[in-house]
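Quick note on labels: first sequence line is chain A, next is B, and so on, each numbered from 1. Small disclaimer: the values here were computed from a predicted structure and weren't measured.
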Amino acid sequence: MTATPAVHTIKQVLSTTGCGLGDAVEVRGWIRTRRDSKAGLSFLQVHDGSCFDSLQVVAPGDLPNYADDVQRLTTGCSVVCRGVLVESRGKGQSVEMQATEVNPVGWVEDPDTYPVPAKRHTFEYLRDVAHLRVRTNTFSAIARVRHCLAQAVHRYYHEHGFYWVHTPIVTGSDCEGAGEMFRVSTLDLENLPRDPSGQIDFSQDFFGRETNLTVSGQLNVESYCLALSKVYTFGPTFRAENSNTSRHLAEFWMIEPEIAFANLDDDADLAEDFLKYIFRALLEELPDDMGFFRDRIDATCIDRLEAFVESSFERMDYTDAITLLEKAVAGGHTFDFPVRWGIDLQSEHERWLTETHVGRPVVVMNYPRDIKAFYMRQNDDGRTVAAMDVLAPGIGEIIGGAQREERLDVLDARIAEMGLDAEDYGWYRDLRKYGTVPHAGFGLGFERTIAYATGMANVRDVIPFPRTPRSAAF
RNA sequence: UCCCCUGUAGCUCAAUUGGUAGAGCGAGCGGCUGUUAACCGCUAGGUUGCUGGUUCGAGUCCAGCCGGGGGAGCCA
């Protein structure tokens, strides 16, 4: 009576960790391809998501269910395989399983209609079958990269003394900045309650007020920063902007650290150190997946990340960036949008700075106050604020951050100047009344980070189930 | 929201000045093979996104609608 073989992941089997050649093991997964040999055996490529590579399972023709089961296996079927690990006699893998049992678990009922057969597909098509696209090489690799980077984010902050703060998903609308938001309501859309003046009566809504999905955890995380010193959020955020680009999602994940007793330079230091840390982790932990992206998606992605973690970010003042752009124009370069001090940098300007002029990430700092948000700290020159954007080649703005205005009188003046109602910012102003300190933070778009790291061209393909205008299937 | 491109077999694409809708891949069957982007043969598979218009005749031209992609703006 042979003992039941121990269950192993394909990652363990291929790296012979916890098992070795000659061991009897069990693996569980899905068929990628089946190749029959009339020598009387079949080769099954089995993947289970534990690593990039699949395991070659050699099913001999004398298995009792060879004709009834093994030869009917098609791409997508799930199986439990038992057998002995042996050195492969073929090329393409060093270890394979000589199977003693191949047990189908779930069949593909009609191989002709299986949405992801073993052939090339466009990413556009695969978005229509997002529930199955993760069975492909590309999307399982993306899932592992996403996990790796998310773990690295938490590890970095944990190791550096930051606390992860769970800021709310549903927020009162008062303290949010500009930008379209998704309303959260339990009111009956067919029969909205009205007050005497005919306005919708939100006092009858679930929260007794207007509420929306968060567009940023920043304001909330500032409050925790001013008690815990170093904090961050990492969670979903929602923008109802009708943005149709390869860089925007209606639902995306954002990382927002906030540090107390800190200025804009500290903020830029943090951004640089943090990004290098997570990319270094990715290069070290997922060489196989990154190798796939290099070979099939973007030949330069590994070189780019290696250069990224080795070189220092270029830092320049907005004013100097404008001067550089003006010199480029004087030298014959043409932009669609004119360059002058005071404009917000257009995508073409940012691309020129990071791709053409510098060739690596650039931190642009100290923007004109008139084009930035009310909470950004005013500089002594009276015309700029301590804001920064990190621009990366190929993806554009990846980080937006600022030192926050910690002086109540200056903040109030700014609120009034922008036509906002100070009453709406009561709790936020309290943070300046009671033990205020200089503090700063930034927001990093997680999907843009993944796209940058892998060379994937569209953020819709680096999140499992993308939400975009007119698209929320699954 | 604006500009451009686009919609033909399960998927990726052909189809000349408007004139009988094709191929590759995938799938099924057979052959061959310790195979691995396999290879060879056969077979199945289509109201050409929808609605209307022009025409003897529309995949092709026109209008509207719907979907997809790229860019811009906004931003992360």
Side-chain angles (χ1 to χ4, degrees), chain A residues 32-46 53-61 71-72 74-76 86-93 96 98 108 110-129 132 136-137 177-180 215-218 234 236-256 271 296 336-337 344-348 350-351 371-373 389-392 395-401 442-452 457-461 463 468-471 473:
Chain A
R32 184 151 281 148
T33 62
R34 187 194 87 227
R35 295 180 296 274
D36 294 333
S37 168
K38 278 299 185 297
L41 66 163
S42 292
F43 299 93
L44 308 173
Q45 289 302 137
V46 178
D53 288 316
S54 52
L55 174 67
Q56 174 158 284
V57 173
V58 182
Q71 289 200 297
R72 289 175 51 225
T74 59
T75 303
V86 298
E87 205 168 319
S88 179
R89 288 161 57 187
K91 299 188 176 76
Q93 62 280 318
E96 66 188 19
Q98 185 68 35
V108 168
D110 179 4
D112 197 30
T113 62
Y114 183 58
V116 284
K119 74 178 290 289
R120 288 188 176 281
H121 296 98
T122 60
F123 292 143
E124 292 79 11
Y125 166 73
L126 289 170
R127 274 171 221 152
D128 291 336
V129 289
L132 295 169
T136 65
N137 278 332
E180 293 298 312
V215 296
S216 165
Q218 182 204 313
F234 185 5
T237 48
F238 307 87
R239 306 268 171 100
E241 305 284 353
N242 190 10
S243 297
N244 293 288
T245 82
S246 59
R247 303 178 307 283
H248 289 84
L249 292 164
E251 177 182 296
F252 65 101
W253 286 60
M254 190 154 62
I255 297 146
E256 295 174 288
R296 296 299 186 88
D336 291 337
F337 290 85
D344 205 357
L345 295 180
Q346 302 292 317
S347 291
E348 57 175 344
E350 295 179 341
R351 275 202 306 275
I371 58 172
K372 287 295 181 180
D389 283 351
V390 178
L391 313 177
I395 193 79
E397 183 182 339
I398 194 170
I399 278 180
F442 62 79
L444 171 70
F446 192 47
E447 285 72 23
R448 289 185 184 178
T449 307
I450 299 168
Y452 177 74
N458 195 317
V459 290
R460 291 166 200 162
D461 298 323
I463 190 169
T468 53
R470 297 180 306 281
S471 177

With heavy atoms under 4.0 Å as the rule, sort [X] into base, sugar-phosphate or nothing.
X      : result
A:D344 : sugar-phosphate
A:R470 : sugar-phosphate
A:Q346 : sugar-phosphate

Open item on the list: Between B:rG59 and B:rA15, how far apart are the two C1' atoms, rounded to whole Å?
Closed with: 8 Å
Open item on the list: Would you measure the distance from the P atom in B:rA21 across to the matching atom in B:rA37 and give it in whole Å?
Closed with: 39 Å
Which listed nucleotide ([options]) is nearest to the side chain of [X]?
X      : options                : answer
A:P111 : B:rG28, B:rU36, B:rG26 : B:rG28
A:Y125 : B:rU12, B:rG69, B:rU36 : B:rU12
A:N244 : B:rA27, B:rG10, B:rG71 : B:rG71
A:R460 : B:rA72, B:rG34, B:rG69 : B:rG69

Do [X] and [N] share a donor-acceptor pair, side chain to base, under 3.5 Å?
X      : N      : result
A:H121 : B:rC11 : no
A:Q45  : B:rU35 : no
A:D112 : B:rG26 : yes
A:E348 : B:rG71 : no
A:S243 : B:rC74 : yes

Integer-rounded Å distance: [N] [atom2] and [X] [atom1]:
X      : N      : atom1 : atom2 : answer
A:E397 : B:rC74 : CD    : C1'   : 10 Å
A:D36  : B:rG31 : CG    : C1'   : 13 Å
A:H248 : B:rA72 : NE2   : C1'   : 11 Å
A:N242 : B:rG73 : CG    : C1'   : 11 Å

Open item on the list: Distance alone, cut at 3.5 Å: any donor-acceptor contact between the side chains of A:Q45 and A:R35?
Closed with: yes
- [ ] Could you tell me whether the side chains of A:S88 and A:Q93 share a donor-acceptor contact shorter than 3.5 Å?
- [x] yes
Open item on the list: Is the shortest side-chain heavy-atom distance between A:R470 and A:N242 below 4.5 Å?
Closed with: yes
- [ ] Kindly indicate whether the side chain of A:E348, heavy atoms from C-beta on, has any atom under 4.5 Å from the side chain of A:F337.
- [x] yes
TODO: Would you check if the distance from the ring center of A:F446 to the ring center of A:F234 is below 6.0 Å?
DONE: yes
Open item on the list: Need to verify one output field. Residue with the more 5' nearest nucleotide on RNA chain B, A:P117 or A:R120?
Closed with: A:R120
Task: Dot-bracket encoding of pairs in RNA chain B, which uses [ ] for pseudoknotted crossings and | for another strand, Watson-Crick or G-U under 3.5 angstrom - done: (((((((..((((.....[..)))).(((((.......))))).....(((((..]....))))))))))))....
